[in-house]
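Worksheet: one structure, shown below.
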Amino acid sequence: LGSSNNFTSNWTINASYPAGASGVMQSYNYTVEDYISSNAKIRIFENVSSRKDYTNNTSSAFNIKGNISITLPNATTIAYVNETDKDIKFISNGTIGNVTIKLFDGTYWYNITDNTTTAPTRGLNTYYDWIVNNTKSESCKINITVNSDSTVSNESQSFPIRPLVTLSSPSEGQLLK
């Protein structure tokens, strides 16, 4: 069993798993579900009533944290100054609450938003539509940090932000001498 409140309530990790040989350390791998907590515990017990007093063991408290994976921008992204609706795309695992999104230009961090949702907006992904800062750099990164736990954070791959150049002269077909 797993619990985040000292087993007042709990969740089942596996209802039945062979105990193995006596005196031999056993291990069990499992996928952690969305039970974000700073006080998680696991309890192992024998489900045979005559043996419950001999095989009941509870772990020390440990943390279960969510995580964030940024998928856009990435190393193939090219952003242009003042470009509208540029996607910042990320996936959050676990119910982690709102996040802060920042831009690094190679020297300084700039705030993009300090309180946006991690709820998926398209499929399993969350998109934040961003108007690209007036920053020009070949070494930009996006950082996303959970507001309630600054240790849950992720940075994008490096990408450039370039000025958008519009050529107005010479016009198409005009010959230069």
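Values reported hereafter were calculated over all heavy atoms of this structure, with side chains retained and with hydrogens, waters and symmetry mates removed.
Listed by chain and residue number, K65, T151 satisfy the side chain to side chain donor-acceptor pair (under 3.5 Å) test with D149 (two or more places apart in sequence, or in another chain). When the salt bridge (charged side-chain N to carboxylate O under 4.0 Å, His left out) test is applied to D34, no partner is found at least two apart in sequence or on another chain. When the salt bridge (charged side-chain N to carboxylate O under 4.0 Å, His left out) test is applied to E33, no partner is found at least two apart in sequence or on another chain. Under the salt bridge (charged side-chain N to carboxylate O under 4.0 Å, His left out) criterion, K136 pairs with no residue at all, not counting sequence neighbours. Scored by the side-chain contact (heavy atoms from CB on, under 4.5 Å) test, T100 finds K102, N111, D114, N147 as partners (sequence neighbours excluded). Y127 pairs by the ring pair (Phe, Tyr, Trp, His ring centres under 6.0 Å) definition with nothing, not counting sequence neighbours. Checked against side-chain contact (heavy atoms from CB on, under 4.5 Å), S38 has the following partners two or more places apart in sequence or in another chain: N63. Among residues two or more places apart in sequence or in another chain, the side-chain contact (heavy atoms from CB on, under 4.5 Å) test is passed with N6 by K41. Annotation: side-chain contact (heavy atoms from CB on, under 4.5 Å) contacts of V24 (sequence neighbours excluded): A21, Q26.
Smallest separation of non-hydrogen atoms from I96 and I68: CD1-CG1, 3.6 Å. Taking all atoms of both residues into account, the shortest heavy-atom contact from C140 to L103 is CB-CD1, 4.0 Å. In this structure, T71 and N74 approach most closely via the heavy-atom pair O-ND2, 3.4 Å. In terms of heavy atoms, F159 sits closest to P73 at CE2-CG, 3.3 Å. Annotation for T107 and D105: closest pair N-OD1, 2.8 Å, computed over non-hydrogen atoms. Summarising the geometry of G66 relative to I36, their closest heavy-atom pair is N-CD1, 3.3 Å, with the distance given to 0.1 Å.
In this structure a side-chain-to-backbone donor-acceptor pair under 3.5 Å is present from N154 to I70. One N or O on the side chain of S156 and one on the backbone of I142 form a donor-acceptor pair closer than 3.5 Å. Checking side-chain atoms of T121 against main-chain N and O of T126 turns up no donor-acceptor pair under 3.5 Å. Of the possible donor and acceptor atoms, none in the side chain of S4 sits under 3.5 Å from a partner among the backbone N and O of N39.
In the hydrophobic clustering of this structure, Y28 groups with I42; members are Ile, Leu, Val, Met, Phe, Trp, Tyr whose side-chain heavy atoms approach within less than 4.5 Å, directly or through other members. If you chain together hydrophobic residues whose side chains sit under 4.5 Å apart, V152 and Y35 never meet in one group. Follow the hydrophobic side-chain contacts under 4.5 Å out from I144 and you never reach I131; the two are in separate clusters.
The stretch residues 88-123 participates, sequence neighbours left out, in these ring-ring contact (aromatic ring centres under 6.0 Å, His included) pairs: F104-W109. Within the structure, every pair that satisfies the salt bridge (Lys or Arg N to Asp or Glu O under 4.0 Å) test and touches residues 150-171, not counting sequence neighbours, is listed here: E138-R162, K141-E155.
One finds the CD atom of Q157 at 8.0 Å from the OG1 atom of T76 (value rounded to the nearest 0.5 Å). Atom CG in N115 sits 10.5 Å away from atom CD1 in I101 (nearest 0.5 Å). A distance of 13.0 Å separates CG of N98 from OG1 of T145, quoted to the nearest 0.5 Å. Expressed to the nearest 0.5 Å, how far OG1 of T77 lies from CD1 of I161 amounts to 10.5 Å.
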Checklist line | Test log, rule side chain to side chain contact (heavy atoms under 4.5 Å, CB included), inputs I91 and L124 | finding: CA-CA 7 Å; I91 300 168; L124 297 175; 5.6 Å; no

Next item on the list: Begin from the C-alpha positions of F7 and T58 and carry the test side chain to side chain contact (heavy atoms under 4.5 Å, CB included) through to its verdict.
Entry: CA-CA 10 Å; F7 296 96; T58 302; 3.7 Å; yes

Check: Do I112 and Y128 pass the side chain to side chain contact (heavy atoms under 4.5 Å, CB included) test, and can you show the C-alpha distance, the side-chain angles, and the key distance before you say yes or no?
Finding: CA-CA 10 Å; I112 294 173; Y128 183 83; 3.6 Å; yes

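Hydrophobic clustering, defined by side-chain heavy atoms of Ile, Leu, Val, Met, Phe, Trp and Tyr closer than 4.5 Å, groups I78 together with Y80, L164.
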